[in-house]
Amino acid sequence: MFAFASTYECAVQQFCIPCFYKLFPTGKTSSDVKLPPNVRPELCPRSSGGDQAAPLYSSKARMLTVGDGDLSFSRSLAQLGYAEKLTATTHESLQSIRSTYPNADEILGSLRDSGVTLFHEVDATNFEGHSALRERSFDVVIWNFPCIRVERGADGQVSELEMNKQLLRTFFRSVKGILAVGGEVHVAHKTIEPFSWWGLCDIALEEDFQLFREIAFDRCNFPGYTNRKVLDRKSFPCHDARLYIFTRDAPAKHKSRLSKKVRLVDMSDTEVVAQIDGAVPRLGKQKRANPAAHQPANLPASRKREADTASQSLPVHNKKIRFDA
(Lines give C-alpha, C1' and ligand atoms only; values in the text may rest on other atoms or scores of the structure.)
Protein backbone atom coordinates (compact mmCIF):
# COMPACT_ATOMS: atom_id res chain seq x y z
CA MET A 1 0.00 0.00 0.00
CA PHE A 2 1.15 3.52 -0.79
CA ALA A 3 0.40 6.96 0.61
CA PHE A 4 0.59 10.39 -0.95
CA ALA A 5 3.66 12.17 0.37
CA SER A 6 1.49 14.99 1.69
CA THR A 7 -0.44 12.56 3.90
CA TYR A 8 2.68 10.85 5.15
CA GLU A 9 4.57 14.09 5.84
CA CYS A 10 1.60 15.54 7.72
CA ALA A 11 1.49 12.41 9.88
CA VAL A 12 5.18 12.09 10.76
CA GLN A 13 6.24 15.77 10.70
CA GLN A 14 3.13 17.50 12.03
CA PHE A 15 2.24 14.54 14.28
CA CYS A 16 -1.25 14.65 12.79
CA ILE A 17 -3.54 12.06 14.36
CA PRO A 18 -6.19 12.19 11.58
CA CYS A 19 -3.50 11.51 8.97
CA PHE A 20 -2.14 8.60 11.00
CA TYR A 21 -5.62 7.07 10.90
CA LYS A 22 -5.74 7.55 7.12
CA LEU A 23 -2.65 5.38 6.98
CA PHE A 24 -3.73 2.95 9.72
CA PRO A 25 -7.55 2.89 10.06
CA THR A 26 -7.45 0.07 12.62
CA GLY A 27 -5.55 2.24 15.10
CA LYS A 28 -2.38 0.13 14.94
CA THR A 29 0.69 0.59 12.76
CA SER A 30 2.20 -2.17 10.67
CA SER A 31 4.51 -2.84 13.62
CA ASP A 32 1.45 -3.27 15.85
CA VAL A 33 2.13 0.00 17.67
CA LYS A 34 -1.14 1.36 19.06
CA LEU A 35 -2.24 4.87 18.12
CA PRO A 36 -3.99 7.29 20.48
CA PRO A 37 -7.74 7.74 19.92
CA ASN A 38 -8.68 9.41 16.65
CA VAL A 39 -9.82 13.04 16.60
CA ARG A 40 -11.98 15.17 14.33
CA PRO A 41 -10.62 15.37 10.76
CA GLU A 42 -10.87 19.17 10.95
CA LEU A 43 -7.85 19.08 13.29
CA CYS A 44 -5.61 18.06 10.41
CA PRO A 45 -3.39 21.07 9.59
CA ARG A 46 -4.35 20.74 5.91
CA SER A 47 -8.11 20.50 6.41
CA SER A 48 -8.68 24.22 5.92
CA GLY A 49 -7.53 23.94 2.33
CA GLY A 50 -5.22 26.93 2.72
CA ASP A 51 -2.32 25.20 0.98
CA GLN A 52 -2.52 24.58 -2.75
CA ALA A 53 -2.95 20.86 -3.32
CA ALA A 54 -0.31 19.24 -5.51
CA PRO A 55 -1.44 18.11 -8.97
CA LEU A 56 -2.46 14.47 -8.98
CA TYR A 57 -3.39 13.80 -12.58
CA SER A 58 -1.70 14.30 -15.91
CA SER A 59 -2.74 17.59 -17.48
CA LYS A 60 -3.39 15.69 -20.72
CA ALA A 61 -5.78 13.15 -19.21
CA ARG A 62 -9.41 13.22 -20.33
CA MET A 63 -11.30 12.70 -17.08
CA LEU A 64 -14.81 11.54 -16.21
CA THR A 65 -16.33 11.69 -12.73
CA VAL A 66 -19.21 9.33 -12.01
CA GLY A 67 -21.93 9.55 -9.37
CA ASP A 68 -20.55 12.77 -7.91
CA GLY A 69 -23.37 13.51 -5.41
CA ASP A 70 -23.25 17.28 -4.92
CA LEU A 71 -20.51 17.69 -7.58
CA SER A 72 -18.08 19.10 -5.01
CA PHE A 73 -15.40 16.61 -6.09
CA SER A 74 -15.71 17.70 -9.72
CA ARG A 75 -15.58 21.34 -8.66
CA SER A 76 -12.39 20.64 -6.73
CA LEU A 77 -10.81 19.05 -9.81
CA ALA A 78 -11.87 22.04 -11.91
CA GLN A 79 -10.34 24.46 -9.42
CA LEU A 80 -7.14 22.43 -9.45
CA GLY A 81 -6.82 23.06 -13.17
CA TYR A 82 -8.54 20.11 -14.85
CA ALA A 83 -11.71 21.85 -16.06
CA GLU A 84 -10.85 21.83 -19.76
CA LYS A 85 -10.65 18.04 -20.00
CA LEU A 86 -13.17 17.19 -17.28
CA THR A 87 -16.62 15.69 -17.79
CA ALA A 88 -18.68 15.60 -14.58
CA THR A 89 -21.77 13.44 -14.14
CA THR A 90 -24.40 12.70 -11.52
CA HIS A 91 -26.80 9.81 -11.22
CA GLU A 92 -29.54 12.11 -10.01
CA SER A 93 -31.52 14.65 -11.99
CA LEU A 94 -30.75 18.35 -11.85
CA GLN A 95 -33.96 18.93 -9.90
CA SER A 96 -33.06 16.26 -7.36
CA ILE A 97 -29.60 17.72 -6.81
CA ARG A 98 -30.98 21.20 -6.26
CA SER A 99 -33.56 19.97 -3.77
CA THR A 100 -31.08 17.82 -1.82
CA TYR A 101 -27.96 19.98 -1.54
CA PRO A 102 -28.23 23.58 -0.29
CA ASN A 103 -25.08 24.68 -2.16
CA ALA A 104 -25.97 22.96 -5.43
CA ASP A 105 -26.56 26.13 -7.46
CA GLU A 106 -23.26 27.59 -6.30
CA ILE A 107 -21.36 24.47 -7.36
CA LEU A 108 -23.24 24.15 -10.65
CA GLY A 109 -22.48 27.75 -11.48
CA SER A 110 -18.81 27.28 -10.69
CA LEU A 111 -18.59 24.24 -12.96
CA ARG A 112 -20.30 26.00 -15.85
CA ASP A 113 -18.12 29.10 -15.45
CA SER A 114 -14.97 26.98 -15.57
CA GLY A 115 -16.08 25.18 -18.73
CA VAL A 116 -16.64 21.70 -17.31
CA THR A 117 -18.86 19.43 -19.42
CA LEU A 118 -21.78 18.36 -17.24
CA PHE A 119 -24.40 15.61 -17.57
CA HIS A 120 -27.13 14.51 -15.17
CA GLU A 121 -29.04 11.21 -14.84
CA VAL A 122 -26.07 9.17 -15.99
CA ASP A 123 -26.25 5.45 -15.19
CA ALA A 124 -22.71 4.25 -14.42
CA THR A 125 -23.75 0.69 -15.24
CA ASN A 126 -24.95 1.60 -18.73
CA PHE A 127 -22.71 4.15 -20.45
CA GLU A 128 -23.82 2.70 -23.77
CA GLY A 129 -27.28 4.06 -23.03
CA HIS A 130 -26.03 7.66 -22.87
CA SER A 131 -25.88 9.11 -26.37
CA ALA A 132 -23.15 11.66 -25.60
CA LEU A 133 -20.86 9.54 -23.43
CA ARG A 134 -20.86 6.43 -25.60
CA GLU A 135 -19.21 8.42 -28.38
CA ARG A 136 -16.34 9.53 -26.14
CA SER A 137 -13.36 7.92 -24.50
CA PHE A 138 -11.63 8.83 -21.25
CA ASP A 139 -8.17 8.31 -19.83
CA VAL A 140 -9.34 8.37 -16.20
CA VAL A 141 -12.79 7.41 -14.92
CA ILE A 142 -13.35 8.24 -11.23
CA TRP A 143 -16.08 6.96 -8.96
CA ASN A 144 -15.78 7.85 -5.28
CA PHE A 145 -17.63 5.61 -2.83
CA PRO A 146 -19.97 3.80 -5.22
CA CYS A 147 -23.12 2.42 -3.66
CA ILE A 148 -26.68 1.68 -4.64
CA ARG A 149 -29.43 4.23 -4.31
CA VAL A 150 -31.24 3.54 -1.05
CA GLU A 151 -33.57 5.85 0.83
CA ARG A 152 -32.53 7.32 4.20
CA GLY A 153 -28.84 7.02 3.34
CA ALA A 154 -28.82 3.33 4.32
CA ASP A 155 -26.21 2.40 1.73
CA GLY A 156 -23.46 -0.14 2.26
CA GLN A 157 -25.15 -2.21 4.95
CA VAL A 158 -25.32 -5.98 5.05
CA SER A 159 -28.78 -6.20 3.49
CA GLU A 160 -27.53 -4.34 0.40
CA LEU A 161 -24.28 -6.28 0.07
CA GLU A 162 -25.16 -8.34 -3.00
CA MET A 163 -26.77 -5.37 -4.75
CA ASN A 164 -23.65 -3.28 -4.21
CA LYS A 165 -21.44 -6.07 -5.53
CA GLN A 166 -23.61 -6.29 -8.62
CA LEU A 167 -23.41 -2.52 -9.00
CA LEU A 168 -19.62 -2.72 -9.14
CA ARG A 169 -19.70 -5.67 -11.50
CA THR A 170 -21.93 -3.95 -14.04
CA PHE A 171 -19.96 -0.71 -13.71
CA PHE A 172 -16.67 -2.38 -14.61
CA ARG A 173 -18.40 -4.17 -17.47
CA SER A 174 -19.88 -0.95 -18.82
CA VAL A 175 -16.86 1.31 -18.39
CA LYS A 176 -14.84 -0.77 -20.86
CA GLY A 177 -16.78 0.86 -23.67
CA ILE A 178 -15.65 4.41 -22.83
CA LEU A 179 -12.17 3.77 -21.41
CA ALA A 180 -9.30 4.77 -23.68
CA VAL A 181 -6.48 2.35 -24.41
CA GLY A 182 -4.17 2.48 -21.41
CA GLY A 183 -6.85 4.22 -19.35
CA GLU A 184 -7.49 3.87 -15.64
CA VAL A 185 -10.49 3.41 -13.39
CA HIS A 186 -10.13 5.09 -9.98
CA VAL A 187 -12.45 3.91 -7.21
CA ALA A 188 -12.35 5.36 -3.69
CA HIS A 189 -13.77 2.79 -1.29
CA LYS A 190 -14.04 2.35 2.46
CA THR A 191 -12.21 -0.62 3.97
CA ILE A 192 -13.99 -1.25 7.27
CA GLU A 193 -16.84 -3.76 7.55
CA PRO A 194 -19.23 -4.19 5.81
CA PHE A 195 -17.51 -2.38 2.92
CA SER A 196 -14.55 -4.73 3.10
CA TRP A 197 -16.94 -7.58 2.31
CA TRP A 198 -17.72 -6.22 -1.15
CA GLY A 199 -14.60 -7.76 -2.69
CA LEU A 200 -13.91 -4.77 -4.92
CA CYS A 201 -10.59 -6.00 -6.32
CA ASP A 202 -11.95 -9.50 -6.98
CA ILE A 203 -14.94 -8.08 -8.85
CA ALA A 204 -12.66 -5.86 -10.94
CA LEU A 205 -10.48 -8.85 -11.80
CA GLU A 206 -13.54 -10.82 -12.90
CA GLU A 207 -14.12 -8.07 -15.47
CA ASP A 208 -10.47 -8.10 -16.66
CA PHE A 209 -9.30 -5.10 -14.60
CA GLN A 210 -6.10 -5.48 -12.61
CA LEU A 211 -5.12 -3.51 -9.54
CA PHE A 212 -2.30 -1.14 -10.47
CA ARG A 213 -2.00 0.84 -7.25
CA GLU A 214 -3.62 1.10 -3.81
CA ILE A 215 -3.20 4.48 -2.12
CA ALA A 216 -4.50 5.84 1.18
CA PHE A 217 -7.32 8.20 0.23
CA ASP A 218 -6.90 11.74 1.54
CA ARG A 219 -9.75 14.22 1.12
CA CYS A 220 -7.31 17.07 1.79
CA ASN A 221 -5.96 16.53 -1.73
CA PHE A 222 -9.30 17.80 -3.05
CA PRO A 223 -10.05 21.16 -1.37
CA GLY A 224 -13.76 21.82 -1.03
CA TYR A 225 -14.78 18.20 -1.55
CA THR A 226 -17.39 16.71 0.79
CA ASN A 227 -18.27 13.04 0.38
CA ARG A 228 -22.04 12.63 0.65
CA LYS A 229 -24.41 9.79 1.32
CA VAL A 230 -26.77 8.87 -1.52
CA LEU A 231 -29.69 11.31 -1.69
CA ASP A 232 -28.56 12.82 1.59
CA ARG A 233 -26.72 16.02 2.45
CA LYS A 234 -24.95 14.24 5.31
CA SER A 235 -21.31 13.28 5.00
CA PHE A 236 -19.65 10.16 6.41
CA PRO A 237 -16.21 9.23 7.79
CA CYS A 238 -13.71 8.26 5.10
CA HIS A 239 -10.44 8.01 7.03
CA ASP A 240 -10.44 4.27 6.28
CA ALA A 241 -10.79 4.75 2.52
CA ARG A 242 -8.38 3.64 -0.16
CA LEU A 243 -7.98 4.85 -3.71
CA TYR A 244 -7.84 1.80 -5.95
CA ILE A 245 -6.43 2.33 -9.44
CA PHE A 246 -7.39 -0.33 -11.96
CA THR A 247 -6.16 -0.87 -15.50
CA ARG A 248 -6.68 -3.45 -18.22
CA ASP A 249 -2.95 -3.38 -18.98
CA ALA A 250 -0.47 -5.62 -17.25
CA PRO A 251 0.49 -3.58 -14.16
CA ALA A 252 4.21 -4.00 -14.84
CA LYS A 253 3.84 -2.39 -18.29
CA HIS A 254 1.21 0.21 -17.47
CA LYS A 255 2.01 3.92 -17.74
CA SER A 256 0.18 5.77 -15.02
CA ARG A 257 -2.19 8.63 -15.73
CA LEU A 258 -1.13 10.36 -12.53
CA SER A 259 1.02 13.45 -12.76
CA LYS A 260 4.79 13.10 -12.86
CA LYS A 261 4.81 15.45 -9.87
CA VAL A 262 2.98 12.96 -7.67
CA ARG A 263 5.14 11.60 -4.87
CA LEU A 264 4.17 8.31 -3.31
CA VAL A 265 5.49 6.65 -0.18
CA ASP A 266 5.78 2.87 0.01
CA MET A 267 4.32 2.05 3.41
CA SER A 268 6.23 -1.23 3.56
CA ASP A 269 9.62 0.50 3.28
CA THR A 270 11.71 -0.22 6.39
CA GLU A 271 12.76 3.42 6.79
CA VAL A 272 9.13 4.51 6.53
CA VAL A 273 8.10 1.99 9.18
CA ALA A 274 10.86 3.22 11.49
CA GLN A 275 9.88 6.89 11.08
CA ILE A 276 6.24 6.08 11.73
CA ASP A 277 6.96 4.13 14.89
CA GLY A 278 9.24 6.95 16.07
CA ALA A 279 6.53 9.54 15.57
CA VAL A 280 3.71 7.69 17.35
CA PRO A 281 4.86 8.52 20.94
CA ARG A 282 4.67 12.24 20.10
CA LEU A 283 1.08 12.13 18.85
CA GLY A 284 -1.25 14.32 20.85
CA LYS A 285 1.64 16.01 22.65
CA GLN A 286 2.49 18.65 20.06
CA LYS A 287 0.96 22.14 20.10
CA ARG A 288 -2.28 20.99 21.71
CA ALA A 289 -2.73 24.36 23.39
CA ASN A 290 -2.53 26.23 20.11
CA PRO A 291 -4.06 24.28 17.19
CA ALA A 292 -3.48 27.21 14.84
CA ALA A 293 0.25 26.65 15.22
CA HIS A 294 -0.18 23.47 13.18
CA GLN A 295 -0.92 25.53 10.11
CA PRO A 296 2.11 25.46 7.77
CA ALA A 297 1.42 29.06 6.70
CA ASN A 298 1.97 30.22 10.29
CA LEU A 299 5.29 28.48 10.86
CA PRO A 300 8.30 30.73 11.48
CA ALA A 301 10.83 30.82 8.67
CA SER A 302 13.25 28.67 10.67
CA ARG A 303 10.61 26.00 11.21
CA LYS A 304 9.67 26.07 7.54
CA ARG A 305 13.30 25.46 6.61
CA GLU A 306 13.41 22.55 9.06
CA ALA A 307 10.27 21.07 7.55
CA ASP A 308 11.65 21.46 4.03
CA THR A 309 14.91 19.79 5.03
CA ALA A 310 13.03 16.93 6.71
CA SER A 311 10.80 16.36 3.70
CA GLN A 312 13.83 16.09 1.43
CA SER A 313 15.12 13.21 3.55
CA LEU A 314 11.86 11.26 3.46
CA PRO A 315 11.88 7.95 1.57
CA VAL A 316 9.41 9.23 -1.02
CA HIS A 317 9.39 6.97 -4.04
CA ASN A 318 9.17 9.38 -6.91
CA LYS A 319 12.29 7.78 -8.35
CA LYS A 320 11.35 4.12 -7.96
CA ILE A 321 7.88 4.69 -9.41
CA ARG A 322 7.64 6.59 -12.67
CA PHE A 323 4.48 8.40 -13.63
CA ASP A 324 4.13 9.51 -17.22
CA ALA A 325 2.10 12.53 -18.29
Side-chain angles (χ1 to χ4, degrees), residues 1-51 53-54 144-145 156 188-198 200-201 213-223 225-227 235-244 262-296 298-299 303 306-307 310-311 313-317:
M1 199 271 290
F2 292 81
F4 291 110
S6 56
T7 311
Y8 175 75
E9 291 169 357
C10 192
V12 301
Q13 294 179 7
Q14 298 290 335
F15 308 104
C16 175
I17 294 177
C19 282
F20 257 94
Y21 272 85
K22 294 169 190 175
L23 304 176
F24 306 104
T26 63
K28 289 186 178 181
T29 72
S30 57
S31 301
D32 208 33
V33 177
K34 188 175 180 180
L35 303 179
N38 201 359
V39 297
R40 297 284 301 173
E42 293 83 4
L43 293 179
C44 172
R46 299 174 297 127
S47 65
S48 63
D51 292 343
N144 289 341
F145 309 106
H189 187 59
K190 290 170 64 65
T191 57
I192 61 173
E193 297 178 354
F195 305 96
S196 59
W197 301 343
W198 293 20
L200 169 62
C201 295
R213 194 75 74 230
E214 177 184 346
I215 309 173
F217 183 80
D218 189 347
R219 198 170 61 180
C220 292
N221 286 327
F222 308 100
Y225 169 49
T226 301
N227 48 299
S235 183
F236 55 88
C238 63
H239 68 273
D240 62 306
R242 295 289 179 260
L243 173 62
Y244 297 93
V262 167
R263 297 182 301 145
L264 294 178
V265 178
D266 185 349
M267 297 303 295
S268 66
D269 186 284
T270 54
E271 185 177 350
V272 169
V273 173
Q275 288 190 349
I276 287 170
D277 290 347
V280 170
R282 301 179 66 179
L283 294 179
K285 300 178 181 178
Q286 299 293 317
K287 310 181 187 72
R288 291 186 66 125
N290 184 15
H294 281 284
Q295 298 294 338
N298 296 334
L299 286 175
R303 288 293 309 281
E306 291 173 8
S311 65
S313 66
L314 292 174
V316 177
H317 291 188

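Residue numbers count from 1 along this sequence. No experiment lies behind these values; they were computed from the predicted model shown. Every heavy atom of this structure was used, including side-chain atoms; hydrogens, water molecules and symmetry mates were not.
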Side chains of [X] and [Y], heavy atoms from C-beta outward: is any pair under 4.5 Å?
X	Y	value
Ser30	Ser268	no
Ile276	Tyr8	yes
Glu214	Tyr244	yes
Val280	Phe20	yes
Leu35	Thr29	yes
Pro41	Ser47	no

Working to the nearest 0.5 Å, report the span between [atom1] of [X] and [atom2] of [Y].
X	Y	atom1	atom2	answer
Thr7	Met267	OG1	CE	9.5 Å
Thr26	Ile192	OG1	CD1	11.5 Å
Lys22	His239	NZ	NE2	10.5 Å
Cys238	Phe145	SG	CZ	4.5 Å
Phe2	Ile215	CZ	CD1	8.0 Å
Trp198	Lys190	CH2	NZ	10.5 Å

Pick from Pro223, Cys19, Pro18: which one makes a side chain to side chain contact (heavy atoms under 4.5 Å, CB included) with Arg46? Cys19

Residue pair [X] / [Y]: nearest heavy atoms and the distance that separates them:
X	Y	result
Ser196	Thr191	CB-O, 3.1 Å
Ser31	Asp277	OG-OD2, 2.7 Å
Leu23	Ala216	CD2-CB, 4.2 Å
Glu193	Trp197	CG-NE1, 3.3 Å

In terms of relative ring orientation, are Phe222 and Tyr225 parallel, tilted or perpendicular, with 30° and 60° separating the classes? perpendicular

Listed by chain and number, what are the side-chain hydrogen bond (donor to acceptor under 3.5 Å, both in side chains) partners of Ser6, not counting sequence neighbours?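 For Ser6, the residues satisfying side-chain hydrogen bond (donor to acceptor under 3.5 Å, both in side chains) (neighbours in sequence not counted) are Asn221.
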
